[in-house]
Protein chains: 2
Amino acid sequence: MTDLIHSWFDSANVPDTNFPLNNLPYGVFSTNGGAHRCCTAIGDAILDLHALEESGKLEFGGALKGGSWNAFMTRGPGDWARLREALTALLREGAANTADLQPYLVPMSEARLHMPFAVTEYTDFYASRHHAFNVGSMFRDPENALPPNWLHIPIGYNGRASSVVVSGTPVTRPHGQLKGPDDAAPRFGPSQRFDIELEMGAIVGQPSSGPISVSQAFDNIFGYVLLNDWSARDIQAWEYQPLGPFQSKATATTISPWIVTAAALEPFRAAPSEREKPLLPYLAEPGPMNYDIALEVALTPEGGHETVLSRTNFREMYYSAAQQLAHHTSCGCPMRVGDLLGSGTISGPQKDSRGSLLELSWGGKEPFAIDGGTRAFIEDGDTLTLRGHAQGDGYRVGFGDCIGTVLPARSVEGNG
Amino acid sequence: MTDLIHSWFDSANVPDTNFPLNNLPYGVFSTNGGAHRCCTAIGDAILDLHALEESGKLEFGGALKGGSWNAFMTRGPGDWARLREALTALLREGAANTADLQPYLVPMSEARLHMPFAVTEYTDFYASRHHAFNVGSMFRDPENALPPNWLHIPIGYNGRASSVVVSGTPVTRPHGQLKGPDDAAPRFGPSQRFDIELEMGAIVGQPSSGPISVSQAFDNIFGYVLLNDWSARDIQAWEYQPLGPFQSKATATTISPWIVTAAALEPFRAAPSEREKPLLPYLAEPGPMNYDIALEVALTPEGGHETVLSRTNFREMYYSAAQQLAHHTSCGCPMRVGDLLGSGTISGPQKDSRGSLLELSWGGKEPFAIDGGTRAFIEDGDTLTLRGHAQGDGYRVGFGDCIGTVLPARSVEGNG
C-alpha cells in the first residue's frame, strides 16, 4: 500500500476525502449551463483540464477539449501515464508556481457533473458467487443453485448503452408486461418489483479486433465507475426465457460521475477466492486482478433519512473485469473504446452484504427496516445511493456517490 | 401494387434488376480506394449522391457528404421524402438535362460497397412463429415448443453492434467453450456447429426517449437490410442459460450493403397471420406492417457450385419490426438513430423454407444435399448468400446479395 501523496491543495490531504492526489479521477463538468469540460477532482475542487490544455499547460492533441474522455482513452496507455504524471507534478506538495493553477480550480459545489464518457456498448455480467447462489436458490433449486456453466464461464449478456445515465438523473418507474404465476394472461402496467443492482463498471480504453489474453485485457481497461443496474424483477421473470433479460434492464443504468483509473487502483489489487473448478487456460490470470474496494448501498425515502442497506466489497468477484473482457473477445467479438462492462451484482456472504433488494428481502418475502418503515422493493420517491472507496494508509481512493431517485410511472396515456 | 416507374437510364427498366427507379436504395461506395461516399443504385450503376450534394444539385445540409447515412436519417421524414422525390425527378423518363447527370453515374462493377450506416446498437428478435416452433421442438418439448411468453411478447435480446459487418467481409470461425452432454468439463476450441440465421434488419431513423406507439415506431423506421446473424450453436447451447446468447452471436452479423427504404417497400405491406392469442393494446397494429419480401439462402462450397437451401418470405413474421420497436421502448429504453433491429430467423412452414442450417438439418441429424456433398453445419470455405426482393408488376425492389465466406478458425496460439 502506498502512502498519501501530499498536495499543496489542503483539502486533498484530509483522510476522508474521496479525492486525494493518489486518486486523480476523470470526469466532465459544467458551470452555469456552459459547455461540458474534462476535469479531475482534487479534494473539494475540480481542476479544469479542458482549460489547462487550451492554455498550453497540458498537451494531448486536443483530447482534453472534447467534452468526454473517449478521445483521450483512444490515445493509449502512454498518454494515460503521462497525464497522471503531469497532474501529480502540478498538484504535489512543493510544486512550483502553484498560483498559476488557481484560476483552473473550481469549487465542486459550483459544478454540475455529466456523463464522463460516451458509452459505446454496454455488457453486464453475473460474476459474483454469492449473488449467483442467492438468485439460483430463490428461483431454481438451492441444492443446484449455480447453473452448470457458472464455474467455467463469466456469464454475461449485452445491455443497452442508450440507457446509461450519470448519477443524479431521475429514473422513471418502467411499464412492462407482468404476469403473476396464477394469472391466465399478462397485463401491461408499472413494475411492482423495481430493484437496484450494486455493481462496478469497467471501461474499455483500447480497441481489440480478435481474441485477447487476460493480461492484455487488464492493460486495455482504462478505469472503473460505480454502477447501478436498475432491474424490474417482475418484467424480468416473465420475459427472460429463453433469451435473457431485455426490457427489465433497459430503463436505466446509473454510473458515478468519476472514472477512477486502473492506475489509481493499482495498490489495491486483490486475489479472487479459490477456484472451485479449474479455469480453462484462456481465462487464467497472471496475477491478482480483483480490487479491494469497500462498497455500500443506502436508501432514503422521500422526505426521510438514509438507511445503509448493505456493505460489500468488489474483491468478492469470482471473475475479474479482465477475465470478463478476455472472455468477451473469445469468439472474435471486436471491442471499442468506451465499451462498459458491468461486473454483475456484488454480494458478500452475509445477509447485510447483499447487493440487491431482491436478495435483501429474499424475493420480497422478508421486508427489511428503513427509516420510518420497511421495504421489499423500491417505492416512488426513494433515492438509492451507491458509494465505494479503496482504503489506503491514511487516505482513500473514492468514487463519490452514485445516486438515483425513482419517479412514479408515466400515465398509461403516455404509452401510446 | 404500383407499376414500374420508367427511367431514362435503360438498365433500370429490366424486369429482373434489383434497382429500378421504384427502389432507390441507399448505400456507401468507394472507387480505387478513395473516400466513402453516399450513393443510390439505379439499374447497373451507382449514382454518387456525395458529389451531387457537393455540386449543389442536391441540398441536405451536407448530410450526403459524411460517408454514412446516419446524418441523413437524423434529418427526419420530411427530408427522407424530399430526397426520394428529387432522385425520382432526376432519373425519371422524360427528365430534362439527363446529360448533366452522366458524370455522377459509376458502373457498379467499378465500385466497392461499404457499411451503409454506423450501427449504434443492435437488437435481435425471435419473432417468426415457425422458427420458434422448430427450435422449441428440437431443444425443449414438441408438445410445448413455444415458450409461454412467446405469443404475448416479441422476444428479443441485445446483440453486439461492433460485430456487424457489410456483405463480402470474411467471417472467421469462432472459438468458444464447448461441452458435449457427456463431457465432464468444457473445452475451448473452434465451433463445430457454426450456422447462419436468415433475417431482415430494420434501421431506426429517428430517436425516441420514452415509450412510443406501434404507429410511431413504424414511422421511425428508415429502411431495411438483409441480415445474416452468424450463430455458433455449440457455444450457444453451453452458455445461454440463464442470461441468453452472448459469445455464440458476437463473431459477426452480416448485412446487405443497400438500405431499402420503408418508402420503397410501402406497396408491399402485408398482414401478419392471425393472432393465436390477443395482443396487449400497446402492441396493436393500426394496419398491416409486415412486408411481402421473397427471401432465399444459398450455400456455395469452396470451388463448387451454389445450392439454394431455402426459400421463405418476410411476411412470415408474427411480430413486425414496428411492434418490435414499440416493445423495445415500452420500459422507457431510449432509441437512437442507427439502431438496428434483427427480425429473428425467418422460417416458413415447409422444410425447404427454414431459415437456419440448425432447422434444415434438424439439429445436425438430417444432413442435406449440396453441390458435391452434404452439410449439417457450415464447413470452412463455404460461402453463404442471402437474397431478397419484393415482386411488383413487371419489376422488383431488391436488396442485392448479402454474402459471407467462412474462414478456418484462428490458430490456438492466436488466443493468447
Side-chain angles (χ1 to χ4, degrees), chain A residues 120-121 126 147 149 152-153 155-163 172 174-177 179 185-188 191 210-216 232 235 238-248 250-252 277-278 280-282 326-328 330-336 339 410 414-416, chain B residues 120-121 126 147 149 152-153 155-163 172 174-177 179 185-188 191 210-216 232 235 238-248 250-252 277-278 280-282 326-328 330-336 339 410 414-416:
Chain A
T120 306
E121 294 193 67
Y126 183 63
N149 51 20
H152 301 280
I153 301 182
I155 295 290
Y157 67 98
N158 299 298
R160 181 75 194 177
S162 67
S163 70
T172 300
H175 276 71
Q177 287 201 21
K179 184 180 170 298
R187 63 191 178 84
F188 188 75
S191 169
I212 61 174
S213 66
V214 174
S215 173
Q216 183 64 56
I235 299 174
W238 171 233
E239 78 171 357
Y240 93 110
Q241 286 289 7
L243 298 184
F246 182 49
Q247 288 305 284
S248 53
T251 301
K277 300 213 174 175
L280 285 162
Y282 84 101
H327 177 68
H328 208 323
S330 62
C331 72
C333 179
M335 304 300 295
R336 296 179 292 188
D339 284 341
R410 290 175 179 83
N415 288 289
Chain B
T120 306
E121 295 194 66
Y126 184 62
N149 52 19
H152 301 279
I153 302 181
I155 295 288
Y157 67 99
N158 298 298
R160 182 76 194 175
S162 67
S163 69
T172 300
H175 277 69
Q177 287 202 22
K179 184 179 170 299
R187 63 192 178 83
F188 188 74
S191 169
I212 61 174
S213 66
V214 174
S215 173
Q216 183 64 56
I235 298 174
W238 172 233
E239 77 171 357
Y240 93 109
Q241 286 289 6
L243 299 185
F246 182 48
Q247 290 304 283
S248 53
T251 301
K277 300 212 175 176
L280 284 163
Y282 84 100
H327 177 68
H328 209 322
S330 62
C331 73
C333 179
M335 304 300 295
R336 295 178 293 188
D339 283 340
R410 291 175 176 83
N415 288 291

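Chain letters run A, B, ... following the sequence lines, proteins first and then strands; every chain starts at 1.
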Between [options], which shows the greatest number of heavy-atom pairs under 4.5 Å with chain B?
options                      : value
A/Tyr157, A/Trp238, A/Tyr126 : A/Trp238
A/Gly332, A/Gly156, A/Pro245 : A/Gly156
A/Lys179, A/Met335, A/His328 : A/His328

**Request:** Report the distance from atom CD1 of B/Ile235 to atom CD1 of A/Ile153, rounding to the nearest 0.5 Å.
**Result:** 9.5 Å
**Complete:** SG (B/Cys333) and CZ (A/Phe246) are apart, to the nearest 0.5 Å, by 7.0 Å
**Prompt:** Using the ring of each side chain (for Trp, its six-membered ring), is B/Phe188 parallel, tilted or perpendicular to A/Tyr282, with breaks at 30° and 60°?
**Reply:** parallel
Looking only at heavy atoms, what is the nearest atom pair of [X] and [Y], with distance?
X        : Y        : answer
A/Ile155 : B/Glu239 : CD1-O, 3.8 Å
B/Cys331 : A/Gln247 : SG-OE1, 3.0 Å
A/Arg410 : B/Gly210 : NH2-CA, 3.8 Å
B/Gly159 : A/Glu121 : O-OE1, 4.0 Å
A/Ser162 : B/Pro334 : OG-O, 2.6 Å

**Asked** Where does A/Ser163 contact chain B at under 4.5 Å (heavy atoms): side chain, backbone, both or neither?
**Response** both
**Portion of A/Leu280 that has a non-hydrogen atom of chain B nearer than 4.5 angstrom** = side chain
**Item:** Option in B/Pro147, B/Pro242, B/Ala232 with maximal non-hydrogen atom pairs under 4.5 Å from chain A
**Value:** B/Pro242
**Prompt:** If you tally heavy-atom pairs under 4.5 Å against chain A, which of B/Arg187, B/Gln216, B/Arg336, B/Arg160 wins?
**Reply:** B/Arg160
**Asked** Just by modelled atom types, is the A/His152 backbone N or O under 3.5 Å from a matching donor or acceptor in the B/Gln177 side chain?
**Response** yes
**Exam field: side chain B/Asn149 to backbone A/Gln241, donor-acceptor pair closer than 3.5 Å** = yes
